[in-house]
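What you are looking at is a predicted structure, and each value in this text was computed from that prediction instead of being measured.
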Amino acid sequence: MASEATNIIERGQTAFILKWVASIIQILGYAGTGFGWTPWNLYFFLVGVLGWLIVGMLWNDRAIMLIHLVALGSMLAGMATQ
């Protein structure tokens with residue numbers, strides 16, 4: 001029982017850190033788009049989207065997983081056509 005509670009706390013701390021890191025990286029992607037830092041803006045977005053996808057998995061939140069999986073697929077498809 002105690003190890004299960006410890007595991008939940010560790011997952012929560014990991015998700016907390018990851019969501020903030022992923023958010024900051026996505027903000028860098030927005031800034032990169034605004035300043036014309038192509039293709040770096042896309043790389044920032046990819047890392048941020050992957051981070052949030054992992055957060056969704058840690059939280060078992062299907063809505064977060066769905067939106068970021070679709071965003072990831074769209075970004076990869078767009079990048080592959082250029």
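Leu50 is connected to Tyr43 through a chain of hydrophobic side-chain contacts under 4.5 Å among Ile, Leu, Val, Met, Phe, Trp and Tyr, so both are in one cluster. Under a hydrophobic-cluster definition in which Ile, Leu, Val, Met, Phe, Trp and Tyr are linked whenever side-chain heavy atoms come within less than 4.5 Å, directly or via other members, Met75 and Tyr30 are assigned to the same cluster. Transitive grouping of hydrophobic side chains (ILVMFWY, heavy atoms separated by less than 4.5 Å) brings Val21 and Val47 into a common cluster. Connection of Leu76 to Val49 is established within a shared hydrophobic cluster, with ILVMFWY side chains joined at heavy-atom distances below 4.5 Å, either directly or through further cluster members. One hydrophobic cluster, built from ILVMFWY side chains closer than 4.5 Å, cannot hold both Ile9 and Leu18; they sit in different ones.
In this view, Leu53 and Met57, Met65, His68, Leu69, Leu72 satisfy the side chain to side chain contact (heavy atoms under 4.5 Å, CB included) rule, not counting sequence neighbours. Ser74 meets the side chain to side chain donor-acceptor pair (under 3.5 Å) test with no other residue; sequence neighbours excluded.
Classification of the Trp40-Phe44 ring pair by plane angle, with boundaries at 30° and 60°, yields tilted.
In this structure, Asp61 CG and Leu66 CG are separated by 10.0 Å, a value rounded to the nearest 0.5 Å. To the nearest 0.5 angstrom, Leu58 atom CG is 12.0 Å from Lys19 atom NZ.
Considering Leu42, Leu28, Asn41 in turn, Asn41 is the only one that fulfils the side chain to side chain contact (heavy atoms under 4.5 Å, CB included) rule with Thr33.
Taking every heavy atom of both residues into account, Leu46 and Met79 meet most closely at CD1-SD, 3.5 Å. Closest approach of Ser23 to Trp52, counting heavy atoms only: OG-NE1, 3.2 Å. Among all heavy-atom pairs drawn from Ile25 and Gly48, the shortest one is CG2-N, 3.8 Å. Contact detail for Ala15 and Trp59: the closest heavy-atom pair is CB-NE1, 3.3 Å.
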